[in-house]
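Report on one structure; see the data block that follows.
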Protein chains: 2
Amino acid sequence: MVEMKTDEIYQYLERIANLLRTDTRRSMVEKGLQPVQLEALHYLSHCNRYSDTPAGVADYLGLTKGTVSQTLGLMENIGMIEKLPDYKDRRVVHLQLTARGRKVIAETIPPKSLQLALDQMPGVEQDSILDVLDKLLRAMQVANQLRTFGVCKTCRHHRIEMDGRHRCALTGEFLENVDIDKICREHEVPV
Amino acid sequence: MVEMKTDEIYQYLERIANLLRTDTRRSMVEKGLQPVQLEALHYLSHCNRYSDTPAGVADYLGLTKGTVSQTLGLMENIGMIEKLPDYKDRRVVHLQLTARGRKVIAETIPPKSLQLALDQMPGVEQDSILDVLDKLLRAMQVANQLRTFGVCKTCRHHRIEMDGRHRCALTGEFLENVDIDKICREHEVPV
DNA sequence: AACCATAGTATCGAATCAAAACAACGTTGA
DNA sequence: TCAACGTTGTTTTGATTCGATACTATGGTT
């Protein structure tokens with residue numbers, strides 16, 4: 001009984017994912033980009049400074065670092081991103097979107113097929129979609145002990161000091177206001 | 001405002017799809033199957049006799065028929081499916097799962113990551129997930145004028161004759177009971 | 001200083017995928 | 001009847017993705 005429900009849910013997710021994939025694939029061809037490259041670009045466009053590295057992208061996309069390294073190399077060549085050295089750890093590389101990269105993201109995300117569908121839907125229903133997807137994702141992350149990739153301010157390492165400044169208890173560093181709304185690969189839900 | 005919500009929803013869908021993808025990919029390696037092959041197999045395991053063709057698979061997965069033809073050829077070689085000629089139109093080929101194919105599907109769908117997550121969730125919440133995903137998919141299909149791929153009995157071409165037999169008004173043929181719960185590529189929602 | 005862990009790169013082979021050309025069959029219409 | 005056209009499916013080619021493996025460079029630990 002429960003199993004059948006899981007099967008049904010999986011079927012819906014598979015179908016929706018297929019539609020989104022074909023849509024982005026089609027709209028990417030004209031820009032000379034591949035779907036994976038777009039997903040990486042999208043991730044990089046809204047992750048914080050602890051997460052904008054090749055390893056972060058690999059974790060997020062669920063690919064190996066070798067694969068990701070290649071993809072990022074290509075994206076650098078086309079001028080979508082640029083690599084900056086970390087000034088403390090000389091092994092790590094930070095990835096930043098170029099103006100061109102930001103333009104591409106703005107033009108293609110969210111995909112039109114989804115935008116069209118949601119436009120014709122009352123706001124309450126959009127809220128319930130958001131709510132349900134959040135529950136589902138969280139449940140998957142908890143049940144499978146995966147990285148949660150939540151925004152900084154909802155993390156259990158997030159602290160607000162007495163002087164009002166924000167701080168990450170994991171790294172010990174203070175955070176700018178622009179950082180606390182971005183997603184972080186070290187994110188953990190509070191206990 | 002609405003746009004931001006779309007972006008958020010897209011992000012959730014992208015993330016969930018990534019998790020499912022990496023999960024199936026990992027569990028497929030041991031069986032020597034690729035993710036796409038599994039999706040095709042899954043589709044073929046529950047579509048009716050109007051839809052179990054290469055063209056049907058191509059529509060469902062959103063791939064070109066050439067690509068699909070290749071994939072299906074491989075799957076026939078490994079003994080997952082077999083091809084049967086249509087007895088009316090000699091161009092069309094029907095695709096059936098072998099016993100081995102059915103076994104693989106039973107073992108791998110739904111993926112464990114999803115099953116685990118849903119197991120620890122009350123039944124009511126599972127229902128609301130199902131409900132929301134159904135709304136979302138339908139909205140996407142309507143807004144983008146795509147094939148709906150619903151089950152036969154919910155189709156506007158579905159008729160019940162006076163003698164109780166089921167009939168498809170599109171093809172004119174009578175349908176067995178096993179057929180009317182399967183998904184059909186000609187499916188259209190009633191007006 | 002020795003050792004191990006981590007971040008990232010390079011290379012290789014297998015697989016996906018679209019595009020295009022192609023073959024076979026069915027349908028339409030004069 | 002036959003010619004034109006559309007449909008179904010296959011084949012081939014080349015670009016791209018992806019994982020596995022081996023590698024370099026740097027940082028941390030004892």
Side-chain angles (χ1 to χ4, degrees), chain A residues 18 21-41 49-78 80-95 171 185-186, chain B residues 18 21-41 50-78 81-95 171 185-186:
Chain A
N18 276 338
R21 188 171 48 89
T22 45
D23 189 35
T24 46
R25 196 194 299 281
R26 202 183 44 239
S27 65
M28 281 297 82
V29 172
E30 55 206 45
K31 293 192 172 58
L33 270 181
Q34 252 57 39
V36 198
Q37 299 181 355
L38 181 74
E39 287 186 43
L41 208 60
R49 56 193 155 114
Y50 303 132
S51 316
D52 60 353
T53 65
V57 176
D59 268 356
Y60 187 80
L61 297 182
L63 305 176
T64 60
K65 54 182 183 174
T67 302
V68 169
S69 177
Q70 260 180 319
T71 304
L72 294 175
L74 283 174
M75 289 169 64
E76 192 189 13
N77 290 342
I78 337 174
M80 290 293 167
I81 60 174
E82 53 185 351
K83 300 184 177 176
L84 303 174
D86 188 289
Y87 68 102
K88 292 178 86 169
D89 188 334
R90 279 192 298 175
R91 292 172 306 178
V92 343
V93 173
H94 291 276
L95 305 161
T171 65
R185 59 183 296 225
E186 308 289 355
Chain B
N18 275 339
R21 186 171 49 90
T22 44
D23 189 35
T24 46
R25 196 193 298 281
R26 202 181 45 238
S27 65
M28 282 297 80
V29 173
E30 56 206 43
K31 293 193 172 57
L33 269 181
Q34 251 57 39
V36 198
Q37 300 180 355
L38 181 74
E39 287 187 43
L41 208 59
Y50 302 131
S51 316
D52 60 354
T53 65
V57 176
D59 266 356
Y60 187 81
L61 296 181
L63 304 176
T64 61
K65 54 185 184 172
T67 302
V68 168
S69 176
Q70 264 180 315
T71 303
L72 294 175
L74 282 174
M75 290 169 65
E76 192 188 14
N77 290 342
I78 336 174
I81 60 174
E82 52 185 352
K83 299 183 178 177
L84 302 174
D86 189 288
Y87 68 102
K88 291 179 86 169
D89 188 333
R90 282 191 295 178
R91 290 171 309 177
V92 342
V93 173
H94 292 276
L95 305 161
T171 66
R185 61 183 295 225
E186 308 289 354

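Each chain gets a letter, A, B and so on, in the order the sequences are listed, and its residues count up from 1. Hydrogens, waters and symmetry mates are skipped; everything else that's a heavy atom, side chains included, is used. This structure is a prediction, so every number in the text was calculated from the model and none was measured.
Residues B:Arg21 and B:Arg91 both approach DNA chain D. Their nearest nucleotides, taken by heavy-atom distance, put B:Arg91 toward the 5′ side. Residues A:Asp89 and A:Thr22 both approach DNA chain C. Their nearest nucleotides, taken by heavy-atom distance, put A:Asp89 toward the 5′ side.
One finds no side-chain N or O of B:Arg90 lying less than 4.0 angstrom from the OP1 or OP2 phosphate oxygen of C:dA24.
Minimum heavy-atom separation, B:Thr53 to B:Leu95: C-CD1, 3.7 Å. Considering all non-hydrogen atoms of both residues, B:Thr22 and A:Gly62 come closest at CG2-O, 3.0 Å. Nearest heavy atom pair, residue B:Asn18 against residue A:Tyr60, reads ND2-O, 4.0 Å. Across all their heavy atoms, A:Val57 and A:Ala40 have their closest contact at CG1-CB, 4.0 Å. Heavy-atom minimum distance, A:Leu33 versus A:Met80: CD1-CE, 4.2 Å. Closest approach of A:Gln37 to A:Met75, counting heavy atoms only: O-CE, 3.6 Å.
Near DNA chain D, defined here as any heavy-atom distance below 4.0 Å, the residues from residues 64-73 of chain A are A:Thr64, A:Thr67, A:Gln70, listed numerically.
In this structure, B:Arg25 places its CZ atom 13 Å from P of C:dA15, rounding to the nearest Å. In this structure, CG of A:Leu74 is placed 13 Å from C1' of C:dT9, rounded to the nearest angstrom. Between the CZ atom of A:Arg185 and the P atom of C:dT6 there is a distance of 12 Å, rounded to whole Å. If you take CG of A:Asp59 and C1' of C:dG8, they are 14 Å apart, rounded to a whole angstrom. Rounded to whole Å, the distance from CE on B:Met75 to C1' on C:dA15 is 14 Å. Atom P of nucleotide C:dG8 and atom CG of A:Leu63 are separated by 15 Å, given to the nearest angstrom. Going from atom CD of A:Glu186 over to atom P of C:dT6 covers 12 Å, rounded to whole Å.
Of the possible polar contacts, one joining the A:Ser51 side chain to the A:Arg185 backbone as a donor-acceptor pair under 3.5 Å is found.
Bounding nucleotides for the chain A contact on DNA chain D, 5' to 3', at a heavy-atom distance below 4.0 Å, are D:dT16 to D:dG27.
Separation of atoms CD (B:Gln34) and OG1 (B:Thr24) is listed at 10.5 Å; rounding is to 0.5 Å.
Looking only at side-chain heavy atoms (C-beta outward), A:Arg21 and B:Leu63 come within less than 4.5 Å of each other.
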